[in-house]
Engineer: 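Handing you this structure, nothing more for now.
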Amino acid sequence: MLIGLAVVLLSLINWDVSWLVRTWYLTLPLMLFFAGIVYRQASKDWLAAGATWFQHRTAWVDLYELTEIEIGAAGAKTMLRMRNASGQNVHVALNDLQKNQAMWDLVYNGILHSVVIGHADPPAGTRTILKLPGGRAGRHREA
């Protein structure tokens, strides 16, 4: 912010931006600084979800065809790993996912559907943390 203000101020004092070319030794570090900011913003962790899918960075899964759902730990973070029938795999921090309530609702509905239909049978610990219904033995028989 301060550097941007200095560039505007120097441009106003000189009534042009030719000083940027004349003082390349100042311009080069400025360009590298701003390139670093752009790179850092572009490489941030991001999540996206639709009615039937979830994406974390470039990895995505079909939420209604999940075959594996597992909660694990990575350092101090609780991680959610999901794999669908096609083999796509997503690892995401559970806290990051739950920050956006609408996104978490979409993901949880897909997880719940996959468990209730019987595509996925998560471990007991995962069922407890995510408050999912009981295992295969706990499902109702169809008459």
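Note that this is a predicted model, so its numbers are computed, not measured.
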Engineer: Nearest 0.5 Å, what's the CD1-CG distance between I129 and L94?
Structural biologist: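 Between atom CD1 of I129 and atom CG of L94 there are 8.0 Å.
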Engineer: Rounded to the nearest 0.5 Å, how far apart are CG of N95 and NZ of K77?
Structural biologist: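 The NZ atom of K77 is 8.0 Å from CG of N95, to the nearest 0.5 Å.
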Engineer: Closest approach of E65 and S86, non-hydrogen atoms and distance?
Structural biologist: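 E65 and S86 have their closest heavy atoms at OE1-OG, 4.4 Å.
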Engineer: For A49 versus M103, what's the shortest heavy-atom pair and its separation?
Structural biologist: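 Smallest heavy-atom distance, with atoms named: CB-CG, 3.7 Å.
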Engineer: Among I111, L80, I69, which one satisfies side chain to side chain contact (heavy atoms under 4.5 Å, CB included) with T126?
Structural biologist: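 That would be I69.
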Engineer: Which heavy atom of N89 sits nearest a heavy atom of M82, and at what distance?
Structural biologist: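 Smallest interatomic distance, heavy atoms only, reads OD1-O, 3.0 Å.
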Engineer: With a 4.5 Å cut-off on side-chain heavy-atom distances among I, L, V, M, F, W and Y, is there a chain of contacts connecting L63 to L47?
Structural biologist: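 Yes, L63 and L47 fall within the same hydrophobic cluster.
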Engineer: For the atom pair CG (N100) and CG (D105), what is the distance rounded to the nearest 0.5 Å?
Structural biologist: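 If we round to the nearest 0.5 Å, N100:CG and D105:CG are 9.0 Å apart.
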Engineer: With a 4.5 Å heavy-atom cut-off, do W46 and Q55 have their side chains touching?
Structural biologist: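 Sidechains of Q55 and W46: in contact.
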Engineer: Do W53 and V92 share a hydrophobic cluster (ILVMFWY, side-chain heavy atoms under 4.5 Å, transitive)?
Structural biologist: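 Unlinked, W53 and V92 end up in two clusters.
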Engineer: Quick one, T67 and N84 - any side-chain contact, counting heavy atoms below 4.5 Å?
Structural biologist: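 A side-chain contact under 4.5 Å is absent here.
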Engineer: Are H119 and Y64 close enough, and set up right, to give a side-chain contact (heavy atoms from CB on, under 4.5 Å), and what steps lead you there?
Structural biologist: CA-CA 9 Å; H119 292 306; Y64 287 81; over 6 Å; no
Engineer: Using a 4.5 Å cut-off on heavy atoms from C-beta on, say whether the side chain of H113 contacts that of T52.
Structural biologist: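 No, too far: nothing below the 4.5 Å cut-off.
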Engineer: How many angstroms lie between CG in D121 and CD in E68, if you round to the nearest 0.5 Å?
Structural biologist: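 The CD atom of E68 is 11.0 Å from CG of D121, to the nearest 0.5 Å.
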Engineer: In terms of hydrophobic clustering (I, L, V, M, F, W, Y; side-chain heavy atoms under 4.5 Å; direct or indirect links), are V61 and L130 co-clustered?
Structural biologist: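 Same cluster: V61 reaches L130 through Ile, Leu, Val, Met, Phe, Trp or Tyr contacts under 4.5 Å.
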Engineer: Using the ring of each side chain (for Trp, its six-membered ring), is F54 parallel, tilted or perpendicular to H56, with breaks at 30° and 60°?
Structural biologist: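 The rings of F54 and H56 lie parallel, inter-plane angle below 30°.
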Engineer: Rounded to the nearest 0.5 Å, what separation is found between the CZ atom of R81 and the CD atom of E70?
Structural biologist: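 With rounding to 0.5 Å, CZ (R81) is 5.0 Å from CD (E70).
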Engineer: If you take all heavy atoms of S114 and L66, which pair is closest and at what distance?
Structural biologist: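 Scanning both residues completely, I find the closest heavy atoms to be OG-N, 3.2 Å.
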Engineer: Would you sort out whether Y108 and L112 count as a side-chain contact (heavy atoms from CB on, under 4.5 Å), showing the intermediate values?
Structural biologist: CA-CA 6 Å; Y108 188 78; L112 189 58; 4.2 Å; yes
Engineer: Do R83 and D62 meet the salt-bridge criterion of a basic N to acidic O distance under 4.0 Å?
Structural biologist: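 A salt bridge is absent here (no side-chain N lies under 4.0 Å from a carboxylate O).
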